[in-house]
Amino acid sequence: MSDAADRDVVVVGGGPAGCAAAVFAARDGLDVAVFDRGRSSLARCAHLENYPGFPAGIDVGTLADLMRAQAERAGCAVVVDLVESVERSEADGERSGVDTDGREAEGFVVTPQEGAPVTARRVIAATRYDGEYLRGLGDDDAMFEVHDHAGETHEHFDREYADRDGTTPVDGLYVASPSDADRQAITAAGRGARVGKRVVADARVDDGWWPAAAERVDWVRRDAELDDEWADRDRWAEWFDAEHADGPVDPDSERFARVREAAVDAARSAYVDADEEEARAAAGHRALAAHLDPEAVVDAHGTDALLDAMDDEAVATYAAGDGPNAGPVEEGTR
């Protein structure tokens, strides 16, 4: 990130699309802030029953909390504020940085309703409200569509303004807002993830990568899948050289060597050993459990199973009334 910008990326909106885009961007090391005032369309749902991973559905409050917690765990700063405007930072002769070709890179000033303005190299619009905060960034006639309703003329943000990967005619502005085809929470999250991946690729290109090398898959894999050949770092470097031998960058250049080093580091870091896999699974369970109603946990597992999982000393302390949350143990639970 340039020293002249507060953030690499600002995401406007913390619903499924915004959080997905933010997580993908932050997991690649970009400095991301999410502005969320709780006005996602998701909040209008009574209960979400078609989001994979929740057999009996999930209430939208819990899902929103989980998405925010995931964004924060990925490294995002979540700001509870409403964005009023996004403007070019060059208004006062300032720029947000210089790219690898020596060209000044335009950025944005994001002004919220209550907090101080924030500068960013890139902005992802991920809200379903009218998009007025984007006026003046580009061609308003292209960005907004006009239609008649009940004898009156109305103007709304055109949700088809962006390409499928979120890119727009405005350099550095991406749109992850659900289009008419992405109105379900799960498809909105998919769109956000796609936009987040595009932002990561573009940030890498700005750092000297070329498009074919900048694309990546975000996953965690078992290192047991690596045979002796692929356990060797040099084998990864050989693969990269072969993959990009006919690319736009001279394989003997310093730039090629730098990108190869970073790409191999990223690929190898995706593999974890069995202990790390188990630790991450346990952390995932704990993070999920923190958002569950305790009574629901008791109903799902039964008192005996929970007591058996607890430390005997902690149970004894609780039963004796000596702990901070001590209380009587109900009959039949001893």
Side-chain angles (χ1 to χ4, degrees), residues 1-37 67-90 94-101 103-112 114-127 133-134 137 165-168 170-176 192-209 214-218 220 258-259 261-263 265-266 269-270:
M1 182 180 69
S2 167
D3 292 337
D6 298 319
R7 302 284 182 181
D8 291 320
V9 182
V10 162
V11 180
V12 185
C19 282
V23 165
F24 270 79
R27 281 176 54 81
D28 201 66
L30 297 178
D31 189 339
V32 181
V34 181
F35 283 81
D36 178 33
R37 194 62 179 272
M67 290 191 302
R68 176 178 290 193
Q70 185 172 8
E72 291 176 334
R73 187 180 182 90
C76 303
V78 179
V79 184
V80 183
D81 207 342
L82 183 70
V83 170
E84 289 196 332
S85 68
V86 177
E87 301 170 296
R88 277 298 191 190
S89 61
E90 61 183 338
E94 299 177 355
R95 299 290 181 119
S96 68
V98 178
D99 65 21
T100 53
D101 293 323
R103 299 169 301 190
E104 288 186 325
E106 296 179 348
F108 303 90
V109 176
V110 180
T111 303
E114 299 174 0
V118 174
T119 57
R121 173 63 186 93
R122 292 176 170 82
V123 169
I124 300 175
T127 60
Y133 65 96
L134 297 175
L137 281 178
D165 61 0
T167 53
T168 72
V170 179
D171 180 41
L173 174 66
Y174 304 78
V175 176
R194 189 162 56 243
V195 174
K197 288 183 63 181
R198 177 75 266 152
V199 168
V200 167
D202 288 350
R204 287 182 165 194
V205 168
D206 279 357
D207 194 37
W209 298 51
E215 297 290 343
R216 67 160 294 196
V217 175
D218 184 358
V220 179
R258 179 174 64 84
V259 172
E261 187 78 4
D265 283 344
S269 68

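Both backbone and side-chain heavy atoms feed into the values below; hydrogens, waters and symmetry mates do not.
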Using 0.5 Å steps for rounding, measure from the [atom1] atom of [X] to the [atom2] atom of [Y].
X	Y	atom1	atom2	value
Thr119	Arg7	OG1	CZ	9.5 Å
Glu261	Arg258	CD	CZ	11.0 Å
Asp28	Lys197	CG	NZ	11.5 Å
Tyr174	Thr168	OH	OG1	8.5 Å
Thr111	Phe35	OG1	CZ	9.0 Å
Glu215	Arg198	CD	CZ	5.0 Å

| query | So is Arg88 actually on top of Phe108's ring, under 6.0 Å and inside 45° of the axis? | reply | yes
Closest heavy-atom pair and its distance - [X], [Y]:
X	Y	result
Ala125	Leu134	CB-CD1, 4.0 Å
Ala71	Val78	CB-CG2, 4.5 Å
Asp8	Gly29	OD2-O, 4.4 Å
Arg204	Ala266	NH2-CB, 4.1 Å
Ala126	Gly18	CB-CA, 3.5 Å
Ala22	Cys76	O-SG, 3.6 Å

| request: Indicate yes or no for a side-chain donor-acceptor contact from Asp6 to the backbone of Val118 under 3.5 Å, with no hydrogens or angles considered. | output: no
| message | Within the supplied structure, the quantity of interest is the number of heavy atoms (other residues, nucleotides, ligands) at a distance under 6.0 Å from Gln70 CD; does it exceed 12? | response | no
| request: Under the side-chain hydrogen bond (donor to acceptor under 3.5 Å, both in side chains) rule, collect the residues that match up with Arg27, sequence neighbours excluded. | output: Asp218
| query | Given the rule in the side chain to side chain contact (heavy atoms under 4.5 Å, CB included) test, do Thr127 and Arg37 qualify, once you have shown the distances and angles that lead to the verdict? | reply | CA-CA 10 Å; Thr127 60; Arg37 194 62 179 272; over 6 Å; no
| query | With the threshold set at 4.0 Å, does a side-chain nitrogen-carboxylate oxygen contact exist between Arg122 and Asp202? | reply | no
| message | According to salt bridge (charged side-chain N to carboxylate O under 4.0 Å, His left out), who are the partners of Glu87, at least two apart in sequence or on a separate chain? | response | none
| remark: Which of Val200, Val34, Asp31, Ile124 passes side chain to side chain contact (heavy atoms under 4.5 Å, CB included) with Val9? Answer is Ile124
